[in-house]
Asks: 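Below: one structure in C-alpha cells.
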Amino acid sequence: MNPIKVGLLGIGTVGSGTFNVLKRNQEEIRRRAGRGIEIAVVADLNTERARELTGGTVDVVSDANDVVTRPDIDIVVELIGGYGIARELVLKAIENGKHVVTANKALLAVHGNEIFEAARKKGVIVAFEAAVAGGIPIIKALREGLTANRIQWIAGIINGTTNFILSEMRDKGLDFETVLKEAQQLGYAEADPTFDIEGIDAAHKVTLMSAIAFGMPVQFDRAHVEGITKLSAIDIKYAEELGYRIKLLGITRRREDGVELRVHPTLVPASRLIANVEGAMNAVLVQGDAVGATLYYGKGAGAEPTASAVIADLVDVTRLHTADPNHRVPHLAFQPDELSNVPVLPIEEVTSSYYLRMRVSDETGVLAEITRILAEAGISIDAMLQKESREGEPQTDIIILTHLTREKQVNAAIRSIEALQTVLSPVTRLRMEELN
Ligand code: HSE
C-alpha cells in the first residue's frame, strides 16, 4: 500500500524532531501502522533551513496554504503555534478534508470547541497528544486507558520551565529573578517566558485535560491562573521545614456543584512521588474511582519527546482514517452530543488547605488574636511554625497551615488579620493539596 502523505507546517525544534524520528524508525512505524508514513511537503518561512534539515528529500514551500490545500496530502501536522495563523490553517486543512495533528495547546484550549466541531462536520480527526505534557501519552491514557473510570481529579506538573526554576530555587536557595536568568542562559526558558512563568501554558494544558476527563467543552477563559513570579525563596524554605515542596500544579477536580480548574503554586507533601519530580520533567497524577491514583512521568518538551507524541498521533490517524467517524475515539473522549455544561467554579468557591505567612510584632496576645480570627471564620489550624525573633528586632514570621476550607473564608480572614496593628506585612497565601 502507498504510504500515507503528511504535510508539515513548521520545521523548528519539534518539526525537525518529527522528521528525524520518522526517518530513523520508519520501518518499525510502518509495521505498526500497516503502511508507511511519509512527509511529502514542509512549509516554513525559512525555506533554506527547511531544505537543509530535510536533505532535499521532500518538497519545501514557504506558504503553508499550499500544503493545507494540496490534494495528495492526507494529514497536516501543525507545529506553528499560537492562535492566529495556526487557527486559520487548521480550519482550512479541515475544510479541505485533511486530518490534523497538532502540538498547539494554546490553539485548542482557546478555539478547541470551534475546531472539534468543524472536524466532526467534515468527518476528520484532530489529534493532539503532543499538546499536553510532551512525550507523556496522557491524552491516550485519559481518553482510552482510563475510560472505565469516573475521573475524580487530576493534578499535574505540566510546565518544565517553571518546574526547573522551582527546583533550582529550592536546591540553591536563590530567588526567582536570579534563577529565571540562569534558565534563560541554559535554554530552559524562552527569551519571552511569560506564558510559562505566568502559568498560562500550564492552564492551556489542564484545560484540555479537564475537558477530556469530565466530558465538557474546553473553557480556558474560566480557568484560574497564577504563575510563580511572586513566589519568594523564603516560602520555599518554610514549606520545606514543614515537610512540603512547592510545585506549580495544574489542578482540575470534579465536585457536586461544578468543576475546579486552576493553576497556581501549590504546597505538596514532600513524601508524595509528584513532589519529587525535579528539573524540567513533567508528571500528571490522575485519580479515577475504579483504578485509584495513577501517575505519568516523562519529558514534557524537547524535539524527540514531543515528536514521539506527534508520531503516535500520525500512527493513530493512519490506522483509523478509513473507519466510520462515529466509531472513532471522540476528540474530547465523550460523544460530542453527550458533553455536559457543568460549570467551572470561581476561585472563591474552591476548597483547599492553605499556607499563611505573616510578619508580626513579637508581643503578648498577637498569636491569640490571629487564631481567634481564624476560629471565628470557621478555619481549623493544622500546623504552625513561629520563627525566633532576632536580637534587637521584636518581629517574627508566623506560618500557619490550615485544614480544608473554602477560599472565600480564607480571603475574609486574611483581610481581618491584615487589619491588626500587630501584623506588619500583607499575608502571603499559598494553596496546599494533600493529593491522597
Ligand atoms: N514551554 C513548555 C514547558 C513546553 O516549559 O514545559 C511546551 O509546552
Side-chain angles (χ1 to χ4, degrees), residues 9-18 77-83 86 101-112 127-139 154-169 176 179-210 212 218 220 223 225-229 231 246-251 263-266 274 277-285 296-313:
L9 310 184
I11 188 153
T13 307
V14 178
S16 51
T18 301
V77 177
E78 184 275 307
L79 299 172
I80 295 170
Y83 339 84
V101 171
T102 179
N104 193 335
K105 61 234 71 173
L107 176 67
L108 295 181
V110 176
H111 298 293
F128 54 97
E129 184 62 71
V132 182
I136 304 174
I138 188 65
I139 300 298
I154 300 172
I157 295 173
I158 42 182
N159 183 269
T161 306
T162 45
N163 202 51
F164 172 82
I165 293 173
L166 293 177
S167 297
E168 288 289 289
M169 285 174 75
F176 170 76
V179 178
L180 173 61
K181 280 197 196 95
E182 180 198 329
Q184 283 172 316
Q185 276 156 12
L186 290 171
Y188 283 114
E190 313 231 359
D192 178 0
T194 312
F195 265 38
D196 293 321
I197 62 179
E198 296 293 0
I200 300 163
D201 175 74
H204 289 146
K205 294 167 182 166
V206 74
T207 295
L208 291 171
M209 291 196 288
S210 182
I212 291 172
V218 289
F220 172 70
V225 191
E226 275 174 47
I228 61 167
T229 53
L231 196 64
I246 300 182
K247 295 291 179 189
L248 184 73
L249 291 188
I251 299 172
V263 171
H264 49 71
T266 314
I274 198 167
V277 171
E278 300 291 2
M281 300 304 281
N282 280 199
V284 183
L285 187 53
Y296 309 84
Y297 170 85
K299 288 185 180 159
E304 295 209 354
T306 313
S308 166
V310 168
I311 296 168
D313 278 346

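When a ligand or atom number is given, it counts from 1 through the structure's own listing order. As a basis for the values below, the full set of heavy atoms in this structure was taken, side chains included, without hydrogen atoms, waters or symmetry mates.
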Asks: So Ile228 and His264, do their side chains get closer than 4.5 Å, heavy atoms only?
Replies: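 SC-SC contact between His264 and Ile228 ruled out.
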
Asks: May I ask you to list the atoms of ligand 1 that are less than 4.0 angstrom from any heavy atom of Asp201?
Replies: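 Once the distances to Asp201 are compared, the set is 2 (C), 8 (O).
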
Asks: When you measure from atom 1 (N) of ligand 1 to every protein heavy atom, which one gives the shortest distance, and what is it?
Replies: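 Ranking protein heavy atoms by distance from atom 1 (N) of ligand 1, first comes Asp196 OD1, 3.0 Å.
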
Asks: Name the closest protein heavy atom to atom 6 (O) of ligand 1, giving the residue it belongs to and the distance to 0.1 Å.
Replies: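 The closest one turns out to be Gly160 N, 2.7 Å.
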
Asks: Taking only non-hydrogen atoms of Glu190, do any sit less than 4.0 angstrom from ligand 1?
Replies: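 Judged by the 4.0 Å heavy-atom criterion, Glu190 does not count as contacting ligand 1.
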
Asks: In the protein, what heavy atom is nearest to atom 7 (C) of ligand 1, and what distance, to one decimal place, separates them?
Replies: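 Answer for atom 7 (C) of ligand 1: Lys105 NZ, 3.3 Å.
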
Asks: More than 12 heavy atoms of other residues, nucleotides or ligands under 6.0 Å from CZ of Phe164: yes or no?
Replies: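 Yes, the 6.0 Å shell around CZ holds more than 12 heavy atoms from other groups.
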
Asks: Is there side-chain contact between Val206 and Ile154, with at least one heavy-atom pair below 4.5 Å?
Replies: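 SC-SC contact between Val206 and Ile154 ruled out.
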
Asks: Distance to 0.1 Å, residue and atom name: give those for the protein heavy atom nearest to atom 4 (C) of ligand 1.
Replies: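 Protein heavy atom with the smallest distance to atom 4 (C) of ligand 1: Ala301 CB, 3.7 Å.
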
Asks: Would you say that Leu248 contacts Leu166 through its side chain, given a criterion of any heavy-atom pair below 4.5 Å between the two side chains?
Replies: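 Contact flag for Leu248/Leu166 side chains = yes.
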
Asks: Looking at Lys205, which atoms of ligand 1 are within less than 4.0 Å of one of its heavy atoms?
Replies: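 This gives 2 (C), 4 (C), 6 (O), 7 (C), 8 (O) as the contact atoms.
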
Asks: Side-chain contact test, heavy atoms from C-beta onward, threshold under 4.5 Å: evaluate it for Thr161 versus Pro193 and give yes or no.
Replies: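 The answer is no, as the side chains (C-beta and beyond) never meet within the 4.5 Å cut-off.
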
Asks: So do Ile158 and Met209 actually touch side chain to side chain, heavy atoms under 4.5 Å?
Replies: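 When only atoms from C-beta onward are counted, Ile158 and Met209 do touch, with a gap below 4.5 Å.
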
Asks: Within the 4.5 Å heavy-atom criterion, are Phe176 and Leu231 side-chain neighbours or not?
Replies: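 Side chain of Phe176 against side chain of Leu231, heavy atoms only: no contact under 4.5 Å found.
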
Asks: Write out the residue and atom name of the closest protein heavy atom to atom 5 (O) of ligand 1, then the distance separating them to 0.1 Å.
Replies: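 Sorting protein heavy atoms by distance from atom 5 (O) of ligand 1 puts Thr161 OG1, 2.5 Å first.
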
Asks: Hey, does His204 sit under 4.0 Å from ligand 1 if you only count heavy atoms?
Replies: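 Judged by the 4.0 Å heavy-atom criterion, His204 does not count as contacting ligand 1.
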
